[in-house]
Amino acid sequence: MPSSADKTQWKHLYDEVVTTGLCTGCSACVVVCPFHALGYEDDKPVQLQPEGPDVCVHGDKGCDICTRACPRFREWEPEVDRMLFGRTRLPEEIIGVHQDVVLARARDPRVLAQGQDGGVVSALLIWGLETGQIDGALTSKLSEDKVWDAEPAVVTDVQGVLDTAGSRSTYSANPRLL
């Protein structure tokens, strides 16, 4: 079993992702922290403890949850592939280990008119809401304050899905709404 000194932690994430500009501001590290040691300021994660921006006392004790949640921290796909499929992906499996690739599009004309690339995600959200499989979903919408910027939204009905349908060419920190 690796010691806490061998495990990655906030200071590694801070040095390798936040300070280098790799951070997308997704807030995944902030949301998963069970100790509420991280916060979110100016679209970036920050350490809330007084020890300093790169110090986490929980990380010193072996916590590595924030580094596991970060999609930009080191190379994580091979580890996930080994865990889920018992092997790493082959060079021709650029999109990942899979059985089939399926092309689909929504049948609902409202979704086709509002959605992007066939509206599949919107159609699935609407199906989930209408069948009671989900109570709501985290989506994004265009910001009313900043042109071309996205902001998180919670939708709980069909109109909310349609109002927030379509791709955004910018990041939205949806996990923060959790």
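Since we're looking at a predicted model, the values are computed, not measured.
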Please confirm whether the backbone N or O of V18 pairs with a side-chain atom of K44, one donor and one acceptor, at under 3.5 Å?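 It does not hold such a pair.
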
If we only count heavy atoms from C-beta on, is the H36 to L48 side-chain gap below 4.5 Å?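 The answer is no, as the side chains (C-beta and beyond) never meet within the 4.5 Å cut-off.
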
Enter the distance from [X]:[atom1] to [Y]:[atom2] here, rounded to the nearest 0.5 Å.
X	Y	atom1	atom2	answer
D60	K7	CG	NZ	12.5 Å
D163	L142	CG	CG	11.5 Å
I65	Q9	CD1	CD	12.5 Å
H12	C66	NE2	SG	10.5 Å

Residue pairs passing the ring-ring contact (aromatic ring centres under 6.0 Å, His included) test where at least one lies in residues 48-70, sequence neighbours excluded: F35-H58

[atom1] ([X]) with more than 12 external heavy atoms under 6.0 Å:
X	atom1	value
Q133	CD	yes
R68	CZ	no
E79	CD	no

In terms of hydrophobic clusters joined by side-chain contacts under 4.5 Å, are [X] and [Y] together?
X	Y	answer
W127	L138	no
V158	V155	yes
L124	V121	no

Acceptor/donor pairs from residues 92-101 side chains to any protein atom, 3.5 angstrom cut, sequence neighbours excluded:
| residue | atom | partner | partner atom | Å |
| --- | --- | --- | --- | --- |
| E93 | OE1 | R87 | NH1 | 2.9 |
| E93 | OE1 | L90 | N | 2.7 |
| E93 | OE2 | R87 | NH2 | 3.0 |
| H98 | ND1 | G96 | O | 2.6 |

Please report the shortest heavy-atom distance between [X] and [Y], naming the atom on each side.
X	Y	result
C33	A37	SG-N, 3.3 Å
C29	L13	CB-CD2, 4.0 Å
V46	W10	C-CZ2, 4.3 Å
A123	A106	CB-CB, 3.7 Å
L125	T139	CD1-CG2, 4.0 Å
C26	Y40	N-OH, 4.5 Å

Got a sec, which residues hit salt bridge (Lys or Arg N to Asp or Glu O under 4.0 Å) with E77, two or more places apart in sequence or on another chain? none

Qualifying residues under side-chain contact (heavy atoms from CB on, under 4.5 Å), relative to T19, sequence neighbours excluded: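 Testing T19 for side-chain contact (heavy atoms from CB on, under 4.5 Å), a comparison that skips the adjacent residues, returns Y14.
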
Taking salt bridge (Lys or Arg N to Asp or Glu O under 4.0 Å) as the cut-off, I'd like each qualifying pair that reaches into residues 113-140, sequence neighbours left out, listed once.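 For residues 113-140: none.
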
With side chain to side chain donor-acceptor pair (under 3.5 Å) as the rule and sequence neighbours excluded, what pairs involving residues 101-114 come up? D108-R110

For E16 and L22, what are the C-alpha separation, side-chain angles and deciding distance, and is it a side chain to side chain contact (heavy atoms under 4.5 Å, CB included)? CA-CA 8 Å; E16 295 175 31; L22 286 175; 6.0 Å; no

Show your working on side chain to side chain contact (heavy atoms under 4.5 Å, CB included) between T67 and V17 and close with a plain yes or no. CA-CA 10 Å; T67 64; V17 178; over 6 Å; no

